[in-house]
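This one's a predicted model, so the numbers in the text were calculated from it and none came from an experiment.
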Amino acid sequence: MPRWKALPEELDPQVREFATQLRRLVDKSGLSIAAVADRTGYSKTSWERYLNGRLLAPKGAIVALAEVTGTNPLHLTTMWELSERAWSRSEMRHDMTMEAIRITQARDALGEFGGDGPGASRPGPGTGAGPGPVASGGWHGPESPAAPPRPPAASPVPPAPPAAPGRGRRRTAIFVTALVAALLVIAGAVLLTDLGGGGDDTAKVAESPPAKPSPTVSELPAGVKCAGDDCTGEDPELMGCGGEFAETATTTKVGTAVVEVRYSETCGVAWARITEAAPGDTVEISSTQGNDEPQTGTVNADKDAYTPMLAVPSAAAAEACATLTTGVEGCTTAGG
C-alpha cells in the first residue's frame, strides 16, 4: 500500500476531497504509483504531484485512471470539474493577494517621497494659491502634493481676462483641420508605397504559399494549453498534450531500455520517453526536418524519464535517441 504524505494545509477543501478520493482508488486497485504511471501514460513524478495535492491532474489523467481502476469515469470527471473550479478560485485569490501586497508596497514607497509632514505649512490666501483647506497638516496624497514655498509677490497680479467664446471655436476648427490634413498625408504615403513596389517582389510574395497557422489556445481542446512552437521546451503533461492526446509513434530497445517517440497531433509536437532504464541514462528527441535544438531528459531513481516537447511537422519527422551509462547508444528509426 502506498504511504501517502500529508496534504498541504492551504489546499481547498474541494481539492483535498478529490485528492483523497484518488488515493482511495489507487489503494483499492492494489497498484503502485509506478504501475499507475505505466498504465495511464503519465509519469510517476506527475502522479506523485497529483496524489499529494501539489498539482491538479488533467482531465485526461483522470479518465485514464478510471479505466485502469474500473471506476465510472462520469462520477470521477464530475468531481474533477468541481475541483478544477476550486483550484482556479484559489489561484485567483493568490494573485489578488499578491497584487494587493504590491500596491501597498508602492503606496508606502510613494509616501516616503511625496507625503507632507505633520508640521508642513500651507500658503495663505494672499500668496496666490488656489482654494483648499489650510488646517495644520494640510492635504495628503497624490492628488494634492505639497507646493514649494515662494517669495511674496511685489504686487498682486490681476487674473487674465477670459478668452472670448469665438476664439475657442476658431482654435478647435484649426486643430480639426490640421488633424484631417495630417491623416490625408499619411494615407497618401501608404497608398503610394503600396503602388510603387516592384513587380518582381509582388510576384514573389504571391507565389509563396501561406504558412499554416498554429491553432490558438481558444481553439484547442479543454486542458490543452499550447500548440506548435509555443510548446517547445515545455512539459507535455503540464501543458495537457499527453494522455488522450498522445500516442506512441515509434519504439525501439537500446540495451535493456525501451525508447519511444511520443507524438501529439493535437499539439503538433513530439517528445521522447525511456523506461526500464538505469539512473544516469539519457534520452533525446530531435527533428529531422527542422533546426530546433534537441530536447533531453535524464533518468533518475524512478528508472524512467521523458524529454520536454519539440515542435515537429509530423510523427515521421521525430527521432528519439538514448545513451546508457554502459556506453550503449541507439535511436528509433525516423518515419517508422
Would you say F245 and P236 make side-chain contact, with heavy atoms under 4.5 Å? no

Does E234 reach the side chain of P308, with side-chain heavy atoms less than 4.5 Å apart? no

How many angstroms lie between atom CD of E284 and atom OG1 of T282, to the nearest 0.5 angstrom? 7.5 Å

W4 side, atom CH2; I33 side, atom CD1 - distance, nearest 0.5 Å: 4.5 Å

Give a yes or no answer on whether the side chain of N52 reaches the backbone of R54 with a donor-acceptor pair at less than 3.5 Å. no

For the residue pair L7 and R23, establish whether any side-chain heavy-atom pair is separated by less than 4.5 Å. yes

Nearest 0.5 Å, please: how far is OG in S43 from CZ in R49? 7.0 Å

V283 and T298, any side-chain heavy atoms less than 4.5 Å apart: no

More than 12 heavy atoms of other groups within 6.0 Å of E265 CD: no

Please tell me whether C267 and C226 are bridged, where bridged means their SG atoms are separated by under 2.5 Å. no

Please report the shortest heavy-atom distance between A66 and L76, naming the atom on each side. CB-CD2, 4.0 Å

Indicate yes or no for a side-chain donor-acceptor contact from T332 to the backbone of A320 under 3.5 Å, with no hydrogens or angles considered. yes

Looking at R39, I want to see if its CZ is surrounded by more than 12 non-hydrogen atoms of other residues, nucleotides or ligands under 6.0 Å. no

Between W87 and L55 (side chain of the first, backbone of the second, donor and acceptor by atom type, cut-off under 3.5 Å), is there such a pair? no

Measuring from T40:OG1 to E237:CD, what's the distance to the nearest 0.5 Å? 8.0 Å

What verdict does the side chain to side chain contact (heavy atoms under 4.5 Å, CB included) test give for T71 and K28, after you've listed the backbone C-alpha separation in whole Å, the side-chain angles of each residue and the deciding distance to 0.1 Å? CA-CA 11 Å; T71 306; K28 186 177 179 181; over 6 Å; no

Checking one residue: L82. Which other hydrophobic residues are in its cluster under the side-chain 4.5 Å linking rule? none

4.5 Å side-chain heavy-atom contact, Y50 and L65: no

Check the pair I285, R262 against side chain to side chain contact (heavy atoms under 4.5 Å, CB included), reporting the backbone distance first and the verdict last. CA-CA 10 Å; I285 187 72; R262 297 283 290 168; over 6 Å; no

In this structure, CG of D38 is separated from CH2 of W47 (nearest 0.5 Å) by 13.0 Å

State, with a plain yes or no, whether a side-chain heavy atom of V261 is found less than 4.5 Å away from one of W271. no

E260 and T248: side chain donor to acceptor below 3.5 Å: yes

Side-chain (D281) to main-chain (V299) donor-acceptor, under 3.5 angstrom: no

Begin from the C-alpha positions of L51 and V36 and carry the test side chain to side chain contact (heavy atoms under 4.5 Å, CB included) through to its verdict. CA-CA 11 Å; L51 296 170; V36 171; over 6 Å; no

E84 side chain near L56 side chain, heavy-atom distance below 4.5 Å: yes

Check for a donor-acceptor pair, side chain of T307 on one end and backbone N or O of A272 on the other, with a separation under 3.5 Å. yes

Go through the steps for V259 and T251 under the test side chain to side chain contact (heavy atoms under 4.5 Å, CB included), then give the verdict. CA-CA 6 Å; V259 180; T251 305; over 6 Å; no

For the atom pair CH2 (W80) and NZ (K59), what is the distance rounded to the nearest 0.5 Å? 6.0 Å

Measuring only between side-chain heavy atoms, which start at C-beta, is V269 closer than 4.5 Å to L310? no

When you measure from the side chain of Y42 to the backbone N and O of A37, does any donor-acceptor pair fall under 3.5 Å? no

Where do Q295 and M309 come nearest, in terms of heavy atoms and distance? CG-O, 3.5 Å

